[in-house]
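Right, I'll just put the structure down here and ask away after.
If you're wondering where the values come from, they're calculated on a predicted model, not measured in any experiment.
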Amino acid sequence: GCRHLRRHRRPARLAGRAAFGAAVRPRHPVRAADALRPRRAQLDRQEDAFVNRAHNGDVAIAWEEAGSGDPIILIQGLGYPRWGWEPLVPRLARRFRVISFDNRGIGESSVPPGPYTAAEMAEDAACVLDAAGVERAHVVGASLGGMIAQELALAHPERVDHLVLMCTTPGSPHGHPMPEATVRLFAEAKELEPAEALRRFVVNAFGADPDPRLVERIVARRLESPPDPEGWAAQAAAGTTYAGGDRARRISAPTLILTGTEDRVVDPRNSELLGEMIPNSKVRVLEGAGHLFFVERPDEVASLLEESLP
């Protein structure tokens, strides 16, 4: 069952325990903050924020909120804590009560033994809604978070007002496999210096010609607070084993599906598949955008959400 504690002040800096998977384990200390001064435009910390904790059994889930209005909960993908939503949160918070959280296995949430499943991670999200006192919310999920969001909509349809699925997949057996560029990068990363491997993974997640300042800011954040390797692997298992089958056809919530034409992490054709499967859905394609289009183009994505969510 779910229980929660609230208002623990967030530490000023998270101490990372490991690197981005085995491929990007730092061999030498890297003080990214020394090399990159914070810029106001993107991915700034909010040191005065408070972190709350929901509990799904023994698993503590760290969450926070911003703004007021109709509630909207944001579910991140593999290997990104809730700070991955930072470019989007202030834009959405002008109209919505925005709830974001760290999935199990990352950030300030518990790292229970894996492997995890999208279904149990969806129950974590439901516990966050309980802790926030929210009966029903708009649910936004990106990548692995989109798989979790599908599971939440299937297990708890009464809690999902509108569903937004970003850069995600229905899973096996219908989903298209990971694009070759990312498969090749995983193979090559083993031979690269850790920081270089991480940078390539970040660049790979953007569209063509990404803003180098944005790339460096994300690399800096990843180096300062890298994921726990066991948590990363357990989350990865939830994504690689996701088998939605035909169950997306049972999703009743009005659904907006977003994808970028240059997504090299999740094949954009998976969004078209989801659009065919989910009865009350529409697909919007962002030309030239990559996997992390909500970081690349937060204004455009916020506008799409504001137009689609009542």
Item to check | Value rounded to 0.5 Å, distance of CE in Met166 from OG in Ser271 | outcome: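 Answer rounded to 0.5 Å: 11.0 Å.
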Item to check | Heavy-atom pair of closest approach, residues Phe206 and Glu296 | outcome: CD2-CG, 2.9 Å
Next on the checklist: How about CD on Glu188, more than 12 heavy atoms from neighbouring residues, nucleotides or ligands closer than 6.0 Å, or not?
Outcome noted: yes
Checklist entry - Is Ile106 reachable from Phe294 through a run of hydrophobic residues whose side-chain heavy atoms are each under 4.5 Å from the next? => result no
Item to check | Tyr80 six-ring centre to Arg221 NZ/CZ under 6.0 Å and within 45° of normal | outcome: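 Pair Arg221/Tyr80 does not count as cation-pi.
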Checklist entry - Using 4.0 Å as the upper bound for N to carboxylate O, is an ion pair formed by Glu276 and Arg249? => result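 Salt bridge absent between Arg249 and Glu276.
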Checklist entry - For the residue pair Leu309 and His162, what are the closest heavy atoms and their distance? => result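 Heavy atoms only, the tightest pair is CD2-CB, 3.4 Å.
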Next on the checklist: Has Asn56 got a side-chain atom pairing as donor or acceptor with Val59's backbone, closer than 3.5 angstrom?
Outcome noted: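 Not a single qualifying donor-acceptor pair exists.
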Item to check | Side chains of Leu163 and Leu256 in contact at under 4.5 Å (non-hydrogen atoms) | outcome: no
Next on the checklist: Any salt bridge linking Arg95 with Glu306? Criterion: basic side-chain nitrogen under 4.0 Å from a carboxylate oxygen.
Outcome noted: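 No.
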Item to check | Exercise: identify the closest heavy-atom pair between Pro268 and Asp263 | outcome: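 Looks like CD-O, 3.7 Å.
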Checklist entry - Within 45° of the axis and under 6.0 Å from the centre of the six-membered ring of Trp63, does NZ or CZ of Arg53 qualify? => result no
Checklist entry - Does atom CG of Asp299 have more than 12 heavy-atom neighbours, drawn from other residues, nucleotides or ligands, at distances under 6.0 Å? => result yes
Item to check | Heavy-atom check, side chain of Val51 versus side chain of Arg82, under 4.5 Å | outcome: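 The answer is yes; the side chains approach within 4.5 Å.
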Checklist outcome for this item: Residues at least two apart in sequence or cross-chain that pass side chain to side chain contact (heavy atoms under 4.5 Å, CB included) with Glu272, listed by chain then number, are Val283, Val285
Checklist entry - Should His291 and Val266 count as side-chain neighbours, where that means a heavy-atom distance under 4.5 Å? => result yes
Checklist entry - Hey, what's the ring geometry for Phe186 with Trp232, parallel, tilted or perpendicular (30° and 60° as the breaks)? => result tilted
Item to check | Pairs satisfying salt bridge (charged side-chain N to carboxylate O under 4.0 Å, His left out), at least one member in residues 154-170, at least two apart | outcome: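 The answer is Asp130-Arg159.
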Checklist entry - Should Leu144 and Gln235 count as side-chain neighbours, where that means a heavy-atom distance under 4.5 Å? => result yes
Checklist entry - So does Arg264 pair up with Glu180, basic N to acidic O under 4.0 Å? => result no
Item to check | For Arg200 against Leu185, the heavy-atom pair lying closest together | outcome: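 Scanning both residues, the minimum pair turns out to be O-CD2, 3.7 Å.
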Next on the checklist: Just so I know, are the side chains of Val98 and Trp85 near enough to count as touching, which here means a heavy-atom distance under 4.5 Å?
Outcome noted: no
Item to check | Close side-chain approach of Val295 and Leu214, heavy atoms under 4.5 Å | outcome: yes
Next on the checklist: Within a 6.0 Å radius of atom CD on Glu120, are there more than 12 heavy atoms belonging to other residues, nucleotides or ligands?
Outcome noted: yes
Checklist entry - If you take all heavy atoms of Val265 and Ala205, which pair is closest and at what distance? => result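 In this case the closest contact between Val265 and Ala205 is CG2-CA, 4.3 Å.
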Checklist entry - Side-chain contact, heavy-atom cut-off 4.5 Å: Ser100 with Glu65? => result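 Result no, sub-4.5 Å side-chain heavy-atom pair not found.
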Checklist entry - Does Trp83 share a hydrophobic cluster with Leu198, counting links as ILVMFWY side-chain heavy atoms below 4.5 Å and allowing steps through other members? => result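 Yes, because Trp83 and Leu198 connect within a single hydrophobic cluster, where side-chain heavy atoms sit under 4.5 Å apart.
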Item to check | pair Leu274-Leu165: side-chain heavy atoms closer than 4.5 Å | outcome: yes
Next on the checklist: Using every non-hydrogen atom in the two residues, find where Glu262 and Gly207 come nearest and quote the distance to one decimal.
Outcome noted: CB-CA, 4.1 Å
Checklist entry - Same cluster for Val128 and Val111 if Ile/Leu/Val/Met/Phe/Trp/Tyr side chains link at under 4.5 Å? => result yes
Item to check | Between Thr182 and Asn204, a side-chain donor and acceptor under 3.5 Å | outcome: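 There is such a pair (donor and acceptor under 3.5 Å, judged by atom type) between the side chains of Thr182 and Asn204.
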Checklist entry - Among all residues two or more places apart in sequence or in another chain, which pass the side chain to side chain contact (heavy atoms under 4.5 Å, CB included) test with Arg247? => result Glu151, Leu154, Tyr242, Arg250
